[in-house]
There are 2 protein chains.
Amino acid sequence: MNLTFRQLKVFEMVAQHLNYTSAAKELHLSQPAVSMQIKQLEEQANTPLIEKLGKKLYLTEVGQEMYNYARSTLQQLLDLEETISQMKSLHKGHLKLAVASTANHFVIRMLARFAKVYPKISISLDVTNRSSLLDLLEKNECDLVVMGRPPEGHNLTARPFLENPLVVVAHPNHYLVREKQVSLKELSREEFVIREQGSGTRSAVERFFEEHNMKFKTKMDMSNNRAIKHAAEEGLGLAIVSLHTLEIELRAKTLNIINVEGFPVYRHWYVVQREGKRLSPIAKVFKDYIMQEADGLIKGFNLPSMHHN
Amino acid sequence: MNLTFRQLKVFEMVAQHLNYTSAAKELHLSQPAVSMQIKQLEEQANTPLIEKLGKKLYLTEVGQEMYNYARSTLQQLLDLEETISQMKSLHKGHLKLAVASTANHFVIRMLARFAKVYPKISISLDVTNRSSLLDLLEKNECDLVVMGRPPEGHNLTARPFLENPLVVVAHPNHYLVREKQVSLKELSREEFVIREQGSGTRSAVERFFEEHNMKFKTKMDMSNNRAIKHAAEEGLGLAIVSLHTLEIELRAKTLNIINVEGFPVYRHWYVVQREGKRLSPIAKVFKDYIMQEADGLIKGFNLPSMHHN
DNA sequence: TCTTACCATAAGCAATAACTTATGATAACA
DNA sequence: TGTTATCATAAGTTATTGCTTATGGTAAGA
């Protein structure tokens with residue numbers, strides 16, 4: 001059976017009017033056009049749907065069934081149109097994000113504001129480490145990823161949208177905290193608690209020291225940013241972390257920034273997607289949103305307790 | 001939005017395979033044919049439904065929605081086809097009958113057998129008087145009617161399918177019951193309890209007497225067949241009724257048939273429908289059924305207590 | 001019986017749907 | 001780097017769709 005939506009639409013109208021001529025008027029058609037659509041539908045069903053007794057029209061039993069079907073199907077079509085149009089107008093939809101754990105804090109801050117503007121959008125946010133993020137991108141399991149600079153050769157498109165200032169922090173009692181300005185040479189004598197090899201922060205730090213022909217001593221490496229800060233708080237060593245993750249500790253004065261020559265090291269946060277990925281409407285909007293708003297949003301992080309600038 | 005079922009079918013297949021080529025194979029089409037259908041569907045939705053990342057295909061968010069819609073709609077279509085086919089094959093459907101109250105008894109007997117053969121068919125049976133039957137036919141509110149000979153000029157098609165022997169009955173103590181043979185002349189001296197003017201039985205009796213240039217005296221007329229028999233049982237007069245309604249009374253010997261010259265008067269039961277009425281499949285079958293089976297079914301009425309033949 | 005309101009049917013026409021084959025582009029992989 | 005699998009695109013063909021206008025038949029009602 002090979003129906004058309006047109007046939008159903010016309011049939012529905014005729015079934016409601018039980019009159020071809022007035023159905024034709026409502027559809028802005030000639031009366032024979034209606035007759036033909038009905039005839040074709042009857043041919044498809046291979047059974048009469050409408051019968052004419054005297055001057056009046058009646059639905060046959062099968063016709064009644066067809067009418068129910070037509071109504072239901074056409075309604076479903078309207079629902080679909082509504083859904084699609086809502087998706088396009090961002091009143092509906094789902095945004096799948098993933099962020100590096102280090103970026104978690106400020107991304108959530110951004111998301112909170114974004115979600116208020118688009119209240120009907122549901123969001124899933126995966127906070128995970130760098131290699132998992134690359135995996136998610138690979139498998140197309142998320143729309144966008146926020147992370148440090150992604151590696152080359154993964155068919156990824158990355159746009160920096162926010163500065164990521166890395167600072168050196170230590171326990172408030174650490175002797176370097178009192179120094180107005182610490183040289184890199186002095187710094188290199190210290191021991192560090194830092195993120196694991198392969199992580200974004202670690203790569204950035206390594207690059208920085210290489211550029212200045214220096215080395216740094218690793219006391220400990222850990223995959224969890226919170227744990228690193230905690231280790232520094234306990235005096236296990238100096239930590240180099242993103243300023244964006246320090247809000248609470250600076251406020252609580254459990255860690256202090258050390259004013260080192262050349263610091264903060266300015267790296268960037270990137271919005272990353274697969275090359276060629278066609279973003280959903282809402283993902284497109286979110287990307288634009290963070291590109292624009294990043295600066296304004298991040299001002300809250302320029303806390304009074306910071307030594308530099 | 002002007003979708004086609006074809007587009008949905010093809011899209012469903014592609015969404016399942018996530019591969020145009022194999023979808024094309026399953027549909028016995030060339031690969032470009034599939035590409036084009038998808039492209040058209042995307043044009044209708046005015047948004048991409050499928051995205052290609054590297055070598056793999058993925059549904060977009062809207063694509064996922066469209067897939068759900070396609071599945072649901074195509075399933076509904078299958079359901080409709082199933083329903084129609086069941087209706088055609090008489091596994092489903094509804095039969096709307098109406099019968100003259102006098103015919104009630106043997107029609108129900110026929111229906112009982114018929115219903116066993118088509119257990120999935122639901123039946124509604126309206127037992128009512130002649131003028132209501134004509135009204136039902138007029139309004140096309142039933143498929144078939146069983147009644148005596150319908151009047152001319154109502155655009156009705158009537159086929160006789162069963163003899164309707166009218167007999168004269170009286171209380172067992174009535175003096176005519178003892179007579180071997182009663183002449184019409186003798187009969188015309190009696191008083192009758194009979195159906196109301198306009199009823200089938202009454203018309204038949206009137207015609208019979210007219211044909212023999214006789215008259216009959218009406219003691220009482222009533223619109224209810226059971227009441228007429230009861231009146232005869234009470235000795236109020238002779239009754240002329242259809243033999244088919246007498247089964248119980250003959251068995252209980254509360255009424256006896258009088259063997260009158262020229263009786264039984266053979267009239268007929270008719271299956272009646274509106275001229276031009278297209279019967280539903282099941283109604284057609286029922287009509288055939290009663291035309292064929294009437295004779296066999298009615299044999300049960302040839303009771304041993306009958307005098308004639 | 002004539003008129004009116006309706007639906008069916010026929011003929012004709014323009015648009016397009018639904019394919020095909022041939023060919024081009026590209027990502028994955030050996 | 002060449003090969004393979006896969007999808008996109010182009011060109012061309014055929015059948016069908018979806019109308020239109022004109023006309024004919026018929027039931028109901030004045």
Side-chain angles (χ1 to χ4, degrees), chain A residues 1-11 13-15 17-44 48-60 63 137-140 153-157 274-278, chain B residues 2-11 13-15 17-44 48-60 63 137-140 152-157 274-278:
Chain A
M1 187 146 59
N2 201 2
L3 311 183
T4 70
F5 282 99
R6 184 97 191 117
Q7 284 161 12
L8 293 181
K9 183 76 210 140
V10 172
F11 179 73
M13 203 57 86
V14 170
H17 288 147
L18 289 174
N19 179 316
Y20 284 48
T21 308
S22 73
K25 264 177 202 155
E26 187 158 343
L27 292 163
H28 303 291
L29 286 176
S30 65
Q31 166 263 314
V34 173
S35 290
M36 288 162 98
Q37 290 289 341
I38 299 299
K39 199 175 166 191
Q40 284 172 31
L41 188 58
E42 289 183 328
E43 269 166 23
Q44 291 302 323
L49 301 173
I50 292 180
E51 60 175 350
K52 192 184 174 185
L53 290 179
K55 227 175 169 173
K56 275 188 185 155
L57 298 184
Y58 302 89
L59 294 184
T60 63
L137 284 166
E138 176 76 19
K139 291 180 186 159
N140 194 34
H154 280 250
N155 295 322
L156 297 175
T157 304
R274 276 189 74 153
E275 213 164 79
K277 166 86 180 173
R278 276 195 292 198
Chain B
N2 200 1
L3 310 183
T4 70
F5 282 99
R6 184 98 190 115
Q7 285 162 9
L8 293 180
K9 182 76 210 143
V10 171
F11 178 74
M13 204 57 87
V14 170
H17 289 231
L18 287 175
N19 180 315
Y20 284 49
T21 309
S22 72
K25 264 178 200 155
E26 188 159 341
L27 292 163
H28 304 291
L29 287 176
S30 65
Q31 166 264 313
V34 173
S35 291
M36 291 163 94
Q37 291 288 341
I38 300 298
K39 200 175 165 191
Q40 285 172 32
L41 189 57
E42 289 183 328
E43 270 165 24
Q44 291 301 323
L49 301 172
I50 292 179
E51 62 176 348
K52 194 183 174 184
L53 290 179
K55 226 175 170 173
K56 274 187 186 157
L57 297 183
Y58 302 89
L59 294 184
T60 64
L137 283 167
E138 176 76 16
K139 292 182 185 158
N140 195 32
E152 301 292 325
H154 282 249
N155 295 323
L156 297 174
T157 305
R274 275 189 74 151
E275 212 165 80
K277 166 88 180 170
R278 277 194 293 199

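Each chain gets a letter, A, B and so on, in the order the sequences are listed, and its residues count up from 1.
- The structure places CG of A/L49 at 12.5 Å from CG of A/L57, a figure rounded to the nearest 0.5 Å.
- One interatomic measurement links the two molecules: CG of A/L3 to P of D/dT16, which rounds to 17 Å at whole-angstrom precision.
- Side-chain contact between A/I50 and A/L59 is present, with at least one heavy-atom pair separated by less than 4.5 Å.
- Put simply, the side chain of B/F5 does not reach to within 4.5 Å of the side chain of A/T4, judged on heavy atoms.
- A donor-acceptor pair under 3.5 Å is formed between the side chain of B/Q44 and the backbone N or O of B/N2.
- Between chain B and DNA chain C, the heavy-atom contact criterion of under 4.0 Å yields a 5' to 3' nucleotide range of C/dA18 to C/dA28.
- Taking atom CZ of residue B/R6 and atom P of nucleotide D/dT16, one finds them 14 Å apart after rounding to whole Å.
- With sequence neighbours excluded, no residue forms a salt bridge (Lys or Arg N to Asp or Glu O under 4.0 Å) with B/E42.
- The separation between A/M36 atom CE and D/dT17 atom P is 11 Å, rounded to whole Å.
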### Message
Applying side-chain contact (heavy atoms from CB on, under 4.5 Å) to A/V10 and A/L27, what does each step give before you reach the verdict?
### Response
CA-CA 8 Å; A/V10 172; A/L27 292 163; 3.9 Å; yes
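- Here the C1' atom of nucleotide D/dA8 and the CG atom of B/L57 are 12 Å apart, to the nearest Å.
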Quick one: which protein N/O atoms are closer than 3.5 Å to N/O atoms of nucleotides 24-30 of chain D? Pair and distance per line, please.
none

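- Under the side chain to side chain contact (heavy atoms under 4.5 Å, CB included) criterion, B/E26 pairs with B/M13, B/H17, not counting sequence neighbours.
- One atom, NZ of B/K39, and another, P of D/dA8, lie 9 Å apart when rounded to the nearest Å.
- Between the CD atom of B/E51 and the C1' atom of D/dA8 there is a distance of 16 Å, rounded to whole Å.
- With sequence neighbours excluded, the residues satisfying salt bridge (Lys or Arg N to Asp or Glu O under 4.0 Å) with B/K9 are B/E12.
- Residues from residues 19-32 of chain A with heavy atoms under 4.0 angstrom of DNA chain C, sorted by number: A/N19, A/Y20, A/T21, A/Q31, A/P32.
- Nearest approach of B/P48 to B/T60, heavy atoms of both residues: O-OG1, 2.9 Å.
- Expressed to the nearest 0.5 Å, how far CG of A/N19 lies from NZ of A/K25 amounts to 8.5 Å.
- With sequence neighbours left out, B/S35 forms a side-chain hydrogen bond (donor to acceptor under 3.5 Å, both in side chains) with B/Q31.
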### Task
For the pair A/L18 and A/Y58, evaluate side-chain contact (heavy atoms from CB on, under 4.5 Å) and give the outcome as yes or no after the intermediate values.
CA-CA 7 Å; A/L18 289 174; A/Y58 302 89; 5.8 Å; no
#### Entry: Watson-Crick and G-U pairing of DNA chain D written in dot-bracket, each distance under 3.5 angstrom, with | for inter-strand partners
||||||||||||||||||||||||||||||
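- The side chain to side chain contact (heavy atoms under 4.5 Å, CB included) check on B/P32 picks up B/S30, with sequence neighbours excluded.
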